[in-house]
J.: 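For reference, the structure I am asking about is given below.
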Amino acid sequence: MKIDILTVLPKLLESPFDHSILKRAQDKGLVDLQVHDIRDYAVDKHKSVDDYTYGGGAGMVLMIEPIVNCINSLKAKTKYDEIIYMSPDGELLDQKIANQYSLSKNLLILCGHYKGIDERIREHYITKEISIGDYVLSGGELAAAVFCDSIMRLIPGVISDETSALTDSFQDNLLAPPVYTRPANFEGREVPPVLLSGHQAKIDKWRQEQAQQRTEERRPDLLD
Ligand code: ADE
C-alpha cells in the first residue's frame, strides 16, 4: 500500500510512524508512507500556505493553490483509490471502514489546519472525508495518524501473529476479552484458572463468553 499524507506540519507526523508496528510495516516494504510539506508547493516568495477568510471572522484558512499544486504533482505519478480529507464533518471511522480502507492500493490523505481548507478543494479534489470522532482537533495530523494506524495494522504481514488483528475488539462487533500474563498470582490476585488449564477449547469458550459479557455491559449498542 502507498500512503501520501499532505500537511503544513510534517514534524507532527514523524513520531507516530517511526515506532513499533507502523515502522515495521514500512521497514518490511508493506507500506510506502510519505509525508509531504504543503509549504514546498507555495506560490509566493513568503511560502504562504494560509490566508484570512473571505467575509471576515477569526482564524486562517489553508489556501487552494499550494494544496492543489501538491495534489496534482502526486496525481501525475500515482492513481489514488481515494483522496481523503481528515475532518470532523466526515464519515465516522469505525472498524468496518478501517477494514475497507486496508484493502486500498494508494491513498492520499490531506490534513487540514487552522480554520480549515478552502472549500473549493473539498468540492473538486477530495473524494472522501473521514472523522475520527465527534470532537474537534487542532488539525488533521493526529486524526490521519489514527486512521493510518487502524488500516496499516490490518495489512497481512504487518502484525507478526496473523490472527492477532482479527481478534481485536470490534472485529466481530464484540469487545476483546481480558488478557493476563505472568505472574499467575500477584499479591493474591489470581489469573482465571481456565487460562492455565492448557485446554484450548475451554479457553476459547471462556474468551467468547467474556467478550460477550463485556460487550453487553459496556457497549450494548454494538449488539443491536
Ligand atoms: N480534524 C479536526 N478534528 C478532526 C476529527 N475529529 N476527525 C478528523 N479530522 C479532524
Side-chain angles (χ1 to χ4, degrees), residues 1 3 5 15-17 19-26 28 30-31 33 81-82 84-105 107 109 127-137 140-224:
M1 181 189 291
I3 303 178
I5 306 182
S15 176
F17 295 110
H19 302 279
S20 186
I21 290 171
L22 302 192
K23 173 141 189 338
R24 207 182 320 139
Q26 297 169 79
K28 283 184 175 173
L30 298 169
V31 179
L33 188 141
D81 301 72
E82 299 288 358
I84 298 166
Y85 175 48
M86 301 309 302
S87 158
D89 307 358
E91 188 178 6
L92 210 51
L93 178 62
D94 62 13
Q95 193 60 50
K96 193 166 136 260
I97 293 176
N99 292 349
Q100 279 164 13
Y101 281 101
S102 73
L103 303 172
S104 313
K105 215 163 163 284
L107 292 176
I109 302 174
T127 60
K128 278 271 158 37
E129 301 200 1
I130 291 180
S131 165
I132 64 158
D134 287 338
Y135 42 82
V136 180
L137 301 167
E141 287 76 11
L142 299 181
V146 168
F147 174 57
C148 289
D149 187 317
S150 76
I151 62 176
M152 283 167 70
R153 64 196 307 285
L154 298 172
I155 296 170
V158 167
I159 293 181
S160 22
D161 173 11
E162 294 251 331
T163 59
S164 142
L166 295 175
T167 56
D168 284 345
S169 280
F170 297 110
Q171 275 303 7
D172 47 9
N173 266 358
L174 291 179
L175 300 181
V179 291
Y180 301 85
T181 187
R182 289 187 291 177
N185 184 329
F186 174 69
E187 296 178 354
R189 293 165 201 270
E190 291 188 356
V191 169
V194 62
L195 296 178
L196 311 178
S197 69
H199 195 303
Q200 198 56 49
K202 280 189 188 162
I203 294 172
D204 290 346
K205 182 166 172 283
W206 180 86
R207 286 186 171 146
Q208 185 65 28
E209 286 164 2
Q210 291 288 317
Q212 182 73 28
Q213 188 183 326
R214 186 163 276 203
T215 311
E216 280 166 16
E217 282 165 14
R218 299 183 185 203
R219 291 294 306 276
D221 56 297
L222 293 175
L223 300 169
D224 290 345

J.: With a 4.5 Å heavy-atom cut-off, do I203 and S197 have their side chains touching?
T.: yes
J.: For a quick check under 3.5 Å, do Q208 and Q212 share a side-chain donor-acceptor pair by atom type?
T.: no
J.: Ignoring hydrogens and geometry, is there a side-chain-to-backbone donor-acceptor pair from K202 to V194 under 3.5 Å?
T.: no
J.: Can you give me the closest heavy-atom contact between P220 and R218, atom names plus distance?
T.: CD-C, 3.5 Å
J.: Nearest 0.5 Å, please: how far is CD1 in I132 from CG in L137?
T.: 5.0 Å
J.: List the atom of S104, the atom of M1, and the distance in Å for their closest heavy-atom pair.
T.: O-CE, 3.5 Å
J.: Between S131 and D89 (side chain of the first, backbone of the second, donor and acceptor by atom type, cut-off under 3.5 Å), is there such a pair?
T.: no
J.: Closest heavy-atom contact between M152 and A25?
T.: CE-CB, 3.9 Å
J.: State whether the side chain of E190 and the backbone N or O of A184 hold a donor-acceptor pair below 3.5 Å, judged by distance alone.
T.: no
J.: For the pair D221 and R219, find out whether any cationic side-chain nitrogen is under 4.0 Å from an anionic carboxylate oxygen.
T.: yes
J.: How long is the span from the CD atom in Q100 to the CD atom in Q95, to the nearest 0.5 Å?
T.: 11.0 Å
J.: For the pair F147 and Y101, name the ring-plane relationship: parallel under 30°, tilted 30 to 60°, perpendicular over 60°.
T.: perpendicular
